[in-house]
Amino acid sequence: MNDGVNWITQPVEPNSAVTRSGTVLNFLAGASRAIVEFDNGERATIRNESLLPDVPLDWLFAKGHRVTGRYDPATGELRCMLLVGSLSVPSHYPPECTTLALVESISLTDGHLSLFPGATFPLGLSDITSNELDTLDDLLTVGEVVAVRVSYAAGAVRLSMLDVDDTDPMTKPPVLVEGGTPWLEYGRNLPLHESRPRDLEVQLSEDWSPAQGTAFKAPGTDPESPSAGIGDRAANRKALQDTLRALDSARSEIAQLKHRLHTAEIIKTPLSNQSVRVAKERLSSTELESKLHAAERKIEAQQQSLIAASERLADLRKKLRGARTESGATHHAPVFADEEEQVRHEIYLTWASRISPADKGAHPLREYALGPHFTRSMKSLSEDKKRKALRAVVDLVAGSVDALAAHSPHVLRDNPAGGAPAVTRNNGSEVCWRLAIEQNSEAARRLHYWKRADGLVELSRVVVHDDYKP
């Protein structure tokens, strides 16, 4: 199993290096550099090529964070201590957990997603959609951070995006640097690279230009609708190609200007009459510097346009994946006239599909009870929220300790105020609990349940976040 252990060898440090700690002040050069201030006021630089070259430093830690590393006084560089070598997928990710992964590459047949650097796994089209007409480049973007489910089969790690939502309770991505933050954050994506495959170049609307940023609307679509931009792929692809060509042009221009500036500096030294004549025929150093700064501003604007375009594309593909999930979901017609029997049947089907064959013996569907209001609370849910509620129920009555922990279970209290009394019944012998069905969404759903005196779990109600009645 590729679990990411010993995936990287850090540069050999000089004998003069000493261990020091400091506070992150700022990020420079596209977060490829960070300035750290030690307690005595001295400053050092962190370079991402000495850590994880493909990961921006602001993905590893934030301004104001304390970091520790080996400081080389000769170069002024601080090399932080990596934690990746001690990570493994099985120890960090419990079976069937939902977490975040980074899309590293896409081909015609599969993609490769990284849970953390060195722990990269394949993802086939069938792991994303059941629609045979879809292609991977319709649904994923290189550099995009996506929600995935992690499972294990015969010792191998398997990733899936089927029936996964970013509002599901998540196992946090690991911290990669001592004193840092989880390295992946939903909605924070890497900008597209110029070296991406030609067949994966992205789409924006035909009437969009780099100067307009993200304020565009694909012809005939509503940008806020789930399917916005899906029908204009050819025009969209052309627009971002124009952006990338403009970026290449700006980079070429800045390289030429730097060369001209260097030449101008050389000819400023009066070596001969010929040198003077050559100098007069060229632009002055001041003029060249002015043009160089203008070109640098231009390339920065192009880079920001590219980042904005990448973010817009990732958002469009997220909406498309959501639309595919909705359209491809299986809606089971009722097979029982009795509503309680139907709910129990749906819980069983969810357990059968959610728990792998190898794990069913360790995680059987334990006996549980349905409260008088549970069936009614389930009946009022949309199909999407009902699926999430059923998964939460299975994690409660059959899942592992880690799977349940992802839902943040806690005692239900009379109100959200600190120190509020717990909700109990039967003279305090039974306590009501609450867990998260979804997170980071409007009116996020919660599951209330009783821990009964006889040891059974009684499912009480599915409620919105602000409902504290049992």
Side-chain angles (χ1 to χ4, degrees), residues 4 7-8 10-11 13-14 16-87 92-93 99-102 114-119 143-147 166 169-191 214 296 300-301 303-304 306-308 310-311 314 405-406 408 416 418 436 439-440:
W7 73 276
I8 188 171
Q10 289 186 273
E13 66 179 36
S16 60
V18 294
T19 300
R20 298 191 67 174
S21 298
T23 302
V24 178
L25 293 183
N26 203 0
F27 297 98
L28 304 173
S32 66
R33 300 289 184 271
I35 304 300
V36 175
E37 185 173 78
F38 300 129
D39 295 337
N40 65 356
E42 294 181 3
R43 295 187 178 185
T45 301
I46 300 175
R47 307 171 187 271
N48 73 337
E49 59 264 31
S50 297
L51 281 170
L52 304 169
D54 295 328
V55 180
L57 292 176
D58 57 358
W59 283 33
L60 304 179
F61 40 75
K63 292 181 184 178
H65 277 214
R66 294 281 295 180
V67 293
T68 299
R70 298 287 287 173
Y71 174 64
D72 179 9
T75 62
E77 181 180 359
L78 182 71
R79 291 177 177 170
C80 291
M81 299 178 181
L82 281 173
L83 303 178
V84 179
S86 61
L87 282 173
H92 189 83
Y93 300 96
T99 189
L100 298 176
L102 177 68
S114 177
L115 294 175
F116 54 85
E144 183 181 5
V145 175
V146 297
D166 59 288
M170 291 209 181
T171 296
K172 288 185 177 180
V175 173
L176 303 185
V177 173
E178 185 174 337
T181 56
W183 82 294
L184 295 180
E185 179 181 307
Y186 200 78
R188 183 179 65 184
N189 305 316
L190 289 175
T214 57
E296 287 173 338
E300 182 178 356
Q303 288 172 331
Q304 292 303 316
L306 183 58
I307 291 171
S310 300
E311 291 174 351
S408 304
Q439 297 173 341
N440 303 320

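Basis for what follows: all heavy atoms, side chains included, without hydrogens, waters or symmetry-related copies.
Interatomic distance, CG of Asp39 versus OG1 of Thr23, reported as 6.5 Å (0.5 Å rounding). The structure places OG1 of Thr45 at 8.0 Å from CD of Glu77, a figure rounded to the nearest 0.5 Å. Separating the CG atom in Leu51 from the CG atom in Leu176 is a distance of 9.5 Å, to the nearest 0.5 Å. The OG1 atom of Thr75 sits 6.5 Å away from the CZ atom of Arg47 when rounded to the nearest 0.5 Å.
Counting heavy atoms from C-beta on, the side chains of Arg79 and Asp72 never come closer than 4.5 Å. You'll find the side chain of Thr68 reaches within 4.5 Å of the side chain of Thr19, heavy atoms only. Side-chain contact between Pro56 and Leu190 is present, with heavy atoms from C-beta onward closer than 4.5 Å. Within the 4.5 Å cutoff, side-chain heavy atoms of Arg20 are placed close to those of Asn40. Inter-residue side-chain proximity for Pro174 and Leu83 is flagged as unmet; no heavy-atom pair is nearer than 4.5 Å. Looking at heavy atoms from C-beta onward, Val175 lies in side-chain contact with Pro182 at the 4.5 angstrom threshold.
When every heavy atom of Val145 is checked against every heavy atom of Arg188, the shortest pair comes out as CG2-O, 3.0 Å. Nearest heavy-atom pair across Cys80 and Ile46 is SG-CD1, 3.5 Å. Across all non-hydrogen atoms, the minimal contact from Ala406 to Pro169 is O-CB, 2.8 Å. The two residues Pro117 and Ser114 have their closest heavy-atom pair at N-OG, 3.8 Å. Counting all heavy atoms, side chain and backbone alike, Leu115 lies closest to Ala101 at CD2-CB, 4.1 Å. For the pair Leu78 and Ala44, the tightest heavy-atom approach, listed with the atom from each and the gap, is CB-CB, 4.1 Å.
Note on Arg33 versus Glu49: salt bridge recorded, some NZ/NE/NH1/NH2 to OD/OE distance being below 4.0 Å.
In this pair, Phe38 and Tyr71 present their aromatic rings perpendicular. The plane angle is above 60°, beyond the 30 to 60° band.
Evaluated for a side-chain contact (heavy atoms from CB on, under 4.5 Å) with Pro173, the options Tyr186, Trp183, Trp59 yield exactly one hit, Trp183.
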